[in-house]
Student: 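Please read through the structure below; I'll follow up with questions.
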Amino acid sequence: MAKPPTRSIPSSVKAVVLHDSHVLLLQTSFKGEDCYVLPGGVQRHGEDTSRALSRHVYFQTGLGIFARRFLWLREYIGPDKAGPVIESGTHSIEMIFRCSVDAPPVGLLDDPIDYAAGIPEWVELKRVPEINLLPRSLRNPIAALASAEPATGYVGDIVR
């Protein structure tokens with residue numbers, strides 16, 4: 001009897017880059033809705049998380065960063081959601097890290113190498129709970145980084 005094919009679960013990394021009471025976000029659109037997302041992306045096979053973070057943030061913003069601390073593990077399991085059929089069978093893992101810039105930022109890319117990810121913007125941490133940051137369940141924990149280190153760990157299967 002043949003074994004059923006093994007499906008892989010892709011992992012991705014996201015960066016919570018903080019500087020002068022601001023967080024670096026990407027302004028984009030999701031399902032026709034203007035929103036913000038954290039910079040980051042899919043980790044390549046054999047690539048460590050720190051390198052993946054640096055690569056994605058550089059391509060999306062032009063900034064050099066380094067990971068300081070693991071914050072949260074987010075999971076997305078598509079079949080459990082009332083979303084598009086294309087998401088059926090989707091399962092991914094997202095590792096979210098607190099990051100710092102290598103040097104004081106001079107400016108962000110006006111024309112990022114990875115333009116499809118969104119337009120980079122520094123957003124005041126105090127504004128984060130009020131903006132359309134996806135997933136929404138991370139807005140308050142990210143804003144709390146202005147004054148304290150939040151609890152870290154598994155945040156669950158969250159969509160928006």
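For reference, positions follow the sequence shown, starting with 1. Bear in mind that the values here come from a model prediction, so they are computed numbers and not experimental data. Excluded from the calculations below are hydrogen atoms, water molecules and symmetry mates; all remaining heavy atoms, backbone and side chain alike, are included.
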Student: Closest heavy-atom contact between Ile142 and Val23?
Tutor: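 Reported closest heavy-atom pair: CG2-CG2, 4.3 Å.
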Student: Can Ile119 and Leu26 be said to form a side chain to side chain contact (heavy atoms under 4.5 Å, CB included), step by step?
Tutor: CA-CA 5 Å; Ile119 304 300; Leu26 300 175; over 6 Å; no
Student: Would you check if Tyr36 and Thr28 make a side-chain contact, meaning some heavy-atom pair closer than 4.5 Å?
Tutor: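 The answer is no; the side chains never approach within 4.5 Å.
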Student: In chain order, what residues pass the ring-ring contact (aromatic ring centres under 6.0 Å, His included) check against Phe70, with sequence neighbours excluded?
Tutor: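 Scan of Phe70 (ring-ring contact (aromatic ring centres under 6.0 Å, His included), adjacent residues dropped) gives Phe97.
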Student: Quick one: does Ser50's side chain get under 4.5 Å of Phe66's, heavy atoms only?
Tutor: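 No, every pair of side-chain atoms sits at 4.5 Å or beyond.
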Student: Of all heavy-atom pairs between Leu24 and Leu63, which one has the smallest distance, and what is that distance?
Tutor: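 Closest approach of Leu24 to Leu63: CD2-CD1, 3.8 Å.
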Student: Using 0.5 Å steps for rounding, measure from the CZ atom of Arg74 to the OG atom of Ser12.
Tutor: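 These two atoms lie 8.0 Å from each other.
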Student: Which heavy atom in Arg139 sits nearest to a heavy atom in Val128, and how many Å separate them?
Tutor: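 Taking every non-hydrogen atom into account, O-CG1, 3.4 Å.
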Student: Are Leu25 and Leu133 side-chain neighbours, meaning at least one heavy-atom pair lies under 4.5 Å?
Tutor: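 When only atoms from C-beta onward are counted, Leu133 and Leu25 do touch, with a gap below 4.5 Å.
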Student: How close do Leu53 and Cys99 get, counting heavy atoms only, and between which atoms?
Tutor: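 Of all heavy-atom pairs spanning Leu53 and Cys99, the closest is CD1-SG, 4.1 Å.
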Student: Without swapping roles, check the side chain of Arg98 against the backbone of Ala67 for a donor-acceptor pair under 3.5 Å.
Tutor: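 Between the backbone of Ala67 and the side chain of Arg98 there is no qualifying donor-acceptor contact (under 3.5 Å).
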Student: Taking the side chain as every heavy atom from C-beta outward, state whether His19 and Trp122 have any atom pair closer than 4.5 Å.
Tutor: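 Side chain of His19 against side chain of Trp122, heavy atoms only: contact under 4.5 Å found.
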Student: For Pro120 and Gln60, which heavy atoms make the closest approach, and how far apart are they?
Tutor: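 Taking every non-hydrogen atom into account, CG-O, 3.6 Å.
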Student: Can a donor-acceptor pair be found, under 3.5 Å and without considering hydrogens, that links the side chain of Asn132 to the backbone of Asp34?
Tutor: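 Present.
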Student: Return the CG to CD1 distance between Leu73 and Ile96, rounded to the nearest 0.5 Å.
Tutor: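 Those atoms lie 8.0 Å apart.
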Student: Any side-chain heavy-atom pair from Val101 and Leu18 closer than 4.5 angstrom?
Tutor: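 Counting from C-beta outward, Val101 and Leu18 never come under 4.5 Å.
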Student: Could you work out, with side chain to side chain donor-acceptor pair (under 3.5 Å) as the rule, every residue matching Glu47, not counting sequence neighbours?
Tutor: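 Applying side chain to side chain donor-acceptor pair (under 3.5 Å) to Glu47 gives Arg55.
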Student: Any carboxylate oxygen within less than 4.0 angstrom of a Lys/Arg side-chain nitrogen, looking at Glu33 and Arg136?
Tutor: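 Answer for the salt bridge query: yes.
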Student: Tell me whether Ile9 shares a hydrophobic cluster with Val13, the cluster being built from Ile, Leu, Val, Met, Phe, Trp, Tyr side chains joined at under 4.5 Å.
Tutor: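 Yes; Val13 is reachable from Ile9 via cluster members.
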Student: Other residues, nucleotides and ligands only: do more than 12 of their heavy atoms fall within 6.0 Å of CZ on Arg69?
Tutor: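 Yes, enclosed.
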Student: Nearest 0.5 Å, what's the CE-CH2 distance between Met95 and Trp72?
Tutor: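 With rounding to 0.5 Å, CE (Met95) is 15.0 Å from CH2 (Trp72).
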Student: Quick one: SG on Cys35 to CD1 on Ile131, what's the gap to the nearest 0.5 Å?
Tutor: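 Between Cys35 SG and Ile131 CD1, I get 9.5 Å after rounding to 0.5 Å.
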Student: Give a yes or no answer on whether the side chain of His56 reaches the backbone of Lys14 with a donor-acceptor pair at less than 3.5 Å.
Tutor: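 Here the side-chain-to-backbone pair does not exist.
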Student: Which atom names give the shortest non-hydrogen contact between Leu125 and Leu145, and what distance separates them?
Tutor: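 In terms of heavy atoms, the two residues are closest at CD1-C, 4.4 Å.
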Student: If only atom types and distance count, is the side chain of Glu75 paired as donor or acceptor with the main-chain N or O of Glu94 below 3.5 Å?
Tutor: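 Pair absent, no side-chain N/O of Glu75 close to backbone of Glu94.
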